K.L.:
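First, the structure itself, so that you have it in front of you.
Just so it is clear, the model here is predicted, and its values are computed rather than measured.
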Amino acid sequence: MKALLCKAFGPADTLVLEDLPSPEPKKNEVLIEVQAAGVNFPDTLIIEGKYQFKPPFPFAPGGEVAGVVKAVGEKVSHLRAGDRVMALTGWGGFAEEVAVPAYNVLPVPKSMDLTTAAAFGMTYGTSMHALKQRANLQPGETLLVLGASGGVGLAAVEIGKAMGAKVIAAASSAEKLEVARKAGADELINYSEQSLKDEVKKLTGGQGVDVIYDPVGGALFEEAFRSIGWNGRFLVVGFAAGGGIPALPANLPLLKGASLVGVFWGSFAQRQPQDNAANFQQLFAWHAEGKLKPLVSQTFPLERGGEAIDALGQRKAVGKLVVQIRQGA
């Protein structure tokens, strides 16, 4: 099989396409013929040795895939060859085949094609967990989404609307905000031209927002927190802006009676698999109803997977990027 490999930590243009033996599934694993692989922010980190996990060389990036089951281990009973599935791999997804622990594999509903499925799991799983379990977002509350045109940001916009919230989308350009508007955002803030705090104050009548979803970090971290309302919840989702981990004066949560809440969906999925499965049942239902419309803005063939990672790392993309391993997905 072919795989796009990282053989030493470095930039995306150092990835190389090579032939490898097909993996053999272990007793509790599923072997998947990969149709498509989603591109996510951890892919930009893992190839440079900046992620919390450092796989042994050589390894393929790619933390989520969709495809067709080729074989199952002897202890796997809920899946069989021929099933359409989506899976979290951690790494290894930029390959024609990958073996995955069965607990990380979900059947793909009939309403969803495999390219969409490859772009669905990580972003929608993260945002659903963030807004449901971590923020306890309620109908009628106001949700501010930073980086609202990216994969997790757009998912948060759509899920927030499906949960009955008023959604304020914030992004760095008019083009990105138009994408968020089409996803259902009620209000828009261009934080490259406007004061985020002042605009939130105007849009909320001075009350601030109930929940802030921040996958960006960076310079806007503290300004965003200063726009939170009483008993607000600030979701720390990621640090796509780079430039180090932002800090927050401890008196700000105190004065607002607010919470700074960490979101680590991968660990949640492992520790609370039944809750995670329930989340996906709701997400699949919303997708079938047309409430969730994942945006795959560009696809790349396997040999150009490094370009996809580079585009995401430079924050050039809106929605999700997908590496199309096989055509017809």
Side-chain angles (χ1 to χ4, degrees), residues 3-4 6 12 15 30 32-47 51 53 55 59-68 84-98 100 104-109 112-130 147 149-156 158-159 179 183 215 237-238 240 265-266 269 276 279-280 283-284 287 292-329:
L4 190 66
C6 176
L15 299 176
V30 176
I32 300 172
E33 288 185 342
V34 180
Q35 301 292 313
V39 185
N40 296 283
F41 185 63
D43 296 320
T44 70
L45 302 176
I46 200 167
I47 62 172
Y51 198 52
F53 305 115
F59 68 89
E64 64 177 338
V65 302
V68 177
R84 298 165 70 249
V85 295
M86 56 198 294
L88 295 176
T89 58
W91 57 85
F94 287 11
E96 291 180 327
E97 296 180 3
V98 64
V100 187
N104 279 348
V105 182
L106 286 173
V108 173
M112 189 178 294
D113 63 79
L114 291 177
T115 299
T116 300
F120 194 86
M122 195 170 290
T123 49
Y124 284 85
T126 296
S127 295
M128 183 68 169
H129 168 53
S149 69
V152 289
L154 277 177
E158 290 188 326
I159 293 169
V179 173
V237 182
W265 170 65
N276 185 57
N279 281 359
F280 271 93
L283 290 169
F284 290 152
H287 178 268
L292 306 181
K293 300 177 181 178
L295 173 62
V296 176
S297 59
Q298 193 173 357
T299 62
F300 297 76
L302 179 58
E303 63 269 19
R304 293 177 53 208
E307 293 179 40
I309 293 176
D310 188 55
L312 185 67
Q314 295 185 37
R315 301 179 66 191
K316 296 178 180 178
V318 297
K320 283 294 289 280
L321 303 179
V322 167
V323 174
Q324 199 78 52
I325 310 296
R326 291 178 170 86
Q327 297 305 311

K.L.:
State, with a plain yes or no, whether a side-chain heavy atom of Val322 is found less than 4.5 Å away from one of Thr116.
P.N.:
no

K.L.:
Could I get the full list of salt bridge (Lys or Arg N to Asp or Glu O under 4.0 Å) partners for Glu97, not counting sequence neighbours?
P.N.:
Lys70

K.L.:
Applying salt bridge (Lys or Arg N to Asp or Glu O under 4.0 Å), name anything that partners Glu64, two or more places apart in sequence or on another chain.
P.N.:
Lys320

K.L.:
Has Thr89 got a side-chain atom pairing as donor or acceptor with Gly63's backbone, closer than 3.5 angstrom?
P.N.:
yes

K.L.:
Do Leu321 and Thr299 come within less than 4.5 Å of each other through their side chains, counting heavy atoms only?
P.N.:
no

K.L.:
Please report the C-alpha distance between Leu154 and Leu295 in whole Å, then the side-chain angles of each, then the deciding distance to 0.1 Å, and finally whether the side chain to side chain contact (heavy atoms under 4.5 Å, CB included) criterion is met.
P.N.:
CA-CA 8 Å; Leu154 277 177; Leu295 173 62; 4.0 Å; yes

K.L.:
Using only atom types and a distance under 3.5 Å, with no angle test, would you say the side chain of Thr126 pairs donor to acceptor with the backbone of Met122?
P.N.:
yes

K.L.:
Using atom types as modelled and distance alone, determine if a side-chain donor or acceptor of Arg84 lies under 3.5 Å from a backbone N or O of Pro107.
P.N.:
no

K.L.:
Relative to each other, are the rings of His287 and Phe120 parallel, tilted or perpendicular (30° and 60° limits)?
P.N.:
perpendicular

K.L.:
Between the main-chain N or O of Val318 and the side-chain N or O of Ser149, is there a donor-acceptor pair closer than 3.5 Å?
P.N.:
no

K.L.:
Taking side chain as C-beta onward, heavy atoms only, is Val68 less than 4.5 Å from Ile32?
P.N.:
no

K.L.:
Looking only at heavy atoms, what is the nearest atom pair of Gly38 and Asp43, with distance?
P.N.:
O-OD2, 3.8 Å

K.L.:
For Ile46 and Pro61, which heavy atoms make the closest approach, and how far apart are they?
P.N.:
CG2-CB, 4.4 Å

K.L.:
If I compare all heavy atoms of Phe94 with all of Ile309, which pair ends up nearest, and what's the gap?
P.N.:
CE2-CD1, 3.7 Å

K.L.:
If you take all heavy atoms of Gly121 and Trp265, which pair is closest and at what distance?
P.N.:
O-CH2, 3.6 Å

K.L.:
Evaluate the criterion side chain to side chain contact (heavy atoms under 4.5 Å, CB included) for residue pair Val105 and Met86; output intermediate values, then yes/no.
P.N.:
CA-CA 6 Å; Val105 182; Met86 56 198 294; over 6 Å; no

K.L.:
Determine whether Gln35 and Thr115 satisfy the following criterion, side chain to side chain contact (heavy atoms under 4.5 Å, CB included), listing intermediate values before the conclusion.
P.N.:
CA-CA 7 Å; Gln35 301 292 313; Thr115 299; over 6 Å; no

K.L.:
Look at the side chain of Thr44 and the backbone N and O of Asn40, then say whether any donor-acceptor pair between them is shorter than 3.5 Å.
P.N.:
no

K.L.:
Looking only at heavy atoms, what is the nearest atom pair of Ala12 and Gly306, with distance?
P.N.:
CB-O, 3.2 Å

K.L.:
How about Leu4 and Glu303: do any of their side-chain heavy atoms sit closer than 4.5 Å?
P.N.:
no

K.L.:
At what distance, to the nearest 0.5 angstrom, does CG of Leu15 lie from CZ of Arg304?
P.N.:
14.0 Å

K.L.:
Please lay out, stage by stage, how Phe280 and Met128 fare under the test side chain to side chain contact (heavy atoms under 4.5 Å, CB included).
P.N.:
CA-CA 8 Å; Phe280 271 93; Met128 183 68 169; over 6 Å; no

K.L.:
Tell me the closest heavy-atom pair linking Ala95 and Ile325, and the distance in Å.
P.N.:
O-CG2, 3.8 Å

K.L.:
To the closest 0.5 Å, what do you measure between SG (Cys6) and CD1 (Ile47)?
P.N.:
6.0 Å

K.L.:
Among all residues two or more places apart in sequence or in another chain, which pass the salt bridge (Lys or Arg N to Asp or Glu O under 4.0 Å) test with Glu96?
P.N.:
none

K.L.:
Report yes if the side chains of Leu292 and Tyr124 come closer than 4.5 Å at any heavy-atom pair, otherwise no.
P.N.:
yes

K.L.:
Aromatic rings Trp91 and Phe53: how do their planes relate, parallel, tilted or perpendicular, breaks at 30° and 60°?
P.N.:
tilted

